[in-house]
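The structure presented is a predicted model; accordingly, all values stated were derived computationally and were not measured.
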Amino acid sequence: NNDTEDEERLWRDLIMERVTKSADACLTAINIMTSPNMPKAVYIEDVIERVIQYTKFHLQNTLYPQYDPVYRVDPHGGILLSSKAKRAKCSTHKQRVIVMLYNKVCDIVSSLSELLEIQLLTDTTILQVSSMGITPFFVENVSELQLCAIKLVTAVST
């Protein structure tokens, strides 16, 4: 039993290391695109879309469930609790890796708003960005992300 727990912990650490490296890659790409005086060839639509997909995926599947228990799915299919009951049972302790990912995602969202001010994007991409910018307002305990989302939604509107 101890071996399976160690193996599971190592597997989880490996996955989170890859997720963190992917967040760093997204941040690097966005930081390059938002640097001053970049040529038009730098704004590759596929890269921008993948950064948005990565960010939306980890917001919905990793961060929102960690910060707001309403977004958690019971893996055992147990009794469904109301949102107030779920929030009452929630612990506020977060893993260091989750907090690092949260901060990187906030940076990505903020940088995406800067990118919108620099480069015009396709309608499909704008729809993805706008849904990513609006969703944090329905999640609790993500105030930094909500501030970044305000900036993003403002950039989409302009």
Side-chain angles (χ1 to χ4, degrees), residues 8-75 77 83 86-87 90 92-158:
E8 199 173 299
R9 184 185 54 79
L10 288 172
W11 183 250
R12 198 171 331 121
D13 289 346
L14 177 66
I15 290 171
M16 287 311 293
E17 181 181 340
R18 288 182 180 179
V19 167
T20 303
K21 285 182 180 182
S22 299
D24 287 336
C26 290
L27 260 175
T28 302
I30 292 293
N31 284 335
I32 289 170
M33 288 184 214
T34 56
S35 295
N37 304 322
M38 281 288 134
K40 291 285 184 191
V42 171
Y43 305 110
I44 302 169
E45 188 176 325
D46 188 44
V47 173
I48 296 168
E49 287 179 7
R50 289 188 189 248
V51 167
I52 293 167
Q53 287 174 348
Y54 173 87
T55 307
K56 281 186 72 168
F57 178 84
H58 283 291
L59 281 171
Q60 293 170 350
N61 296 302
T62 307
L63 296 175
Y64 293 161
Q66 284 291 320
Y67 283 87
D68 192 347
V70 171
Y71 289 85
R72 291 186 189 147
V73 177
D74 186 9
S83 60
K86 281 185 176 181
R87 286 187 176 127
C90 177
T92 57
H93 176 70
K94 305 286 179 278
Q95 294 177 357
R96 187 178 64 91
V97 181
I98 297 295
V99 173
M100 282 178 29
L101 179 64
Y102 175 75
N103 290 329
K104 289 178 185 194
V105 166
C106 286
D107 289 343
I108 291 170
V109 170
S110 183
S111 296
L112 280 171
S113 63
E114 292 175 29
L115 182 64
L116 285 173
E117 295 169 4
I118 298 170
Q119 177 68 21
L120 290 176
L121 301 175
T122 63
D123 291 345
T124 308
T125 306
I126 293 295
L127 286 172
Q128 295 293 322
V129 168
S130 61
S131 72
M132 182 173 53
I134 292 172
T135 308
F137 298 109
F138 300 102
V139 182
E140 295 206 5
N141 303 319
V142 289
S143 55
E144 295 89 359
L145 181 62
Q146 290 171 342
L147 289 173
C148 296
I150 287 173
K151 189 176 172 185
L152 183 64
V153 170
T154 304
V156 168
S157 300
T158 56

**Q** Quick one: pull up CG in Asp107 and CG in Asp24 and give me the separation to the nearest 0.5 Å.
**A** 10.5 Å
**Q** Where is the tightest heavy-atom contact between Tyr43 and Met33, given as atom of each residue plus distance?
**A** CE2-O, 3.0 Å
**Q** Could you point out which residue of Arg50, Glu49, Lys56 forms a side-chain contact (heavy atoms from CB on, under 4.5 Å) with Ile52?
**A**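 Answer after filtering Arg50, Glu49, Lys56: Lys56.
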**Q** When rounded to the nearest 0.5 angstrom, what distance separates CD1 in Ile98 from CD in Gln66?
**A** 4.5 Å
**Q** Minimum heavy-atom separation for Leu115 and Thr34, please, with both atom names.
**A** N-CG2, 3.8 Å
**Q** Around atom CG of Asp46, are there more than 12 heavy atoms of other residues, nucleotides or ligands at under 6.0 Å?
**A**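 More than 12 within 6.0 Å, yes.
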**Q** Would a 4.5 Å heavy-atom cut-off, applied to side chains only, mark Gln128 and Gln53 as touching?
**A**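 When only atoms from C-beta onward are counted, Gln53 and Gln128 do not touch, as no gap falls below 4.5 Å.
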**Q** Which heavy atom of Cys26 sits nearest to which heavy atom of Ile108, and what is that distance?
**A** CB-CD1, 3.7 Å
**Q** Is the shortest side-chain heavy-atom distance between Val142 and Asp68 below 4.5 Å?
**A** no
**Q** I need the Tyr102 OH to Asn141 CG distance, nearest 0.5 Å.
**A** 9.0 Å
**Q** With a 3.5 Å distance limit and no angle check, can you tell me whether Thr135 reaches the backbone of Met132 through a side-chain donor-acceptor pair?
**A**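 No.
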**Q** Decide if atom CG of Leu14 counts as having more than 12 heavy atoms of other residues, nucleotides or ligands within a radius under 6.0 Å.
**A**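 Atom CG in Leu14 is packed in, count exceeds 12.
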**Q** Short question: side chain of Tyr54, backbone of Val19 - any donor-acceptor pair under 3.5 Å?
**A** yes
**Q** So, Thr158 side chain and Ala155 main chain: donor-acceptor pair closer than 3.5 Å or not?
**A**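 Checking the backbone N and O of Ala155 against the side chain of Thr158, a donor-acceptor pair under 3.5 Å is found.
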**Q** Taking side chain as C-beta onward, heavy atoms only, is Tyr71 less than 4.5 Å from Asn61?
**A** no
**Q** Between CD of Glu114 and CG of Leu152, what distance do you get to the nearest 0.5 Å?
**A** 11.0 Å
**Q** Is a donor from one side chain sitting under 3.5 angstrom from an acceptor on the other, for Lys104 and Thr20?
**A** no
**Q** Would you find a donor on one side and an acceptor on the other, under 3.5 Å apart, between the side chain of Gln146 and the backbone of Pro136?
**A** yes
**Q** Calculate, to the nearest 0.5 Å, the distance between atoms CD and OG1 belonging to Glu45 and Thr125 respectively.
**A**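 Output value for this atom pair is 5.0 Å.
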**Q** For Val109 versus Ala149, what's the shortest heavy-atom pair and its separation?
**A**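 Minimum heavy-atom separation between Val109 and Ala149: CG1-N, 4.1 Å.
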**Q** Out of curiosity, Leu63 CG to Thr55 OG1, how far, rounded to the nearest 0.5 Å?
**A** 10.0 Å
**Q** Looking at every heavy atom in both Val156 and Val129, which two are closest together, and how far apart are they?
**A**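 That closest heavy-atom pairing would be CG2-CG1, 3.7 Å.
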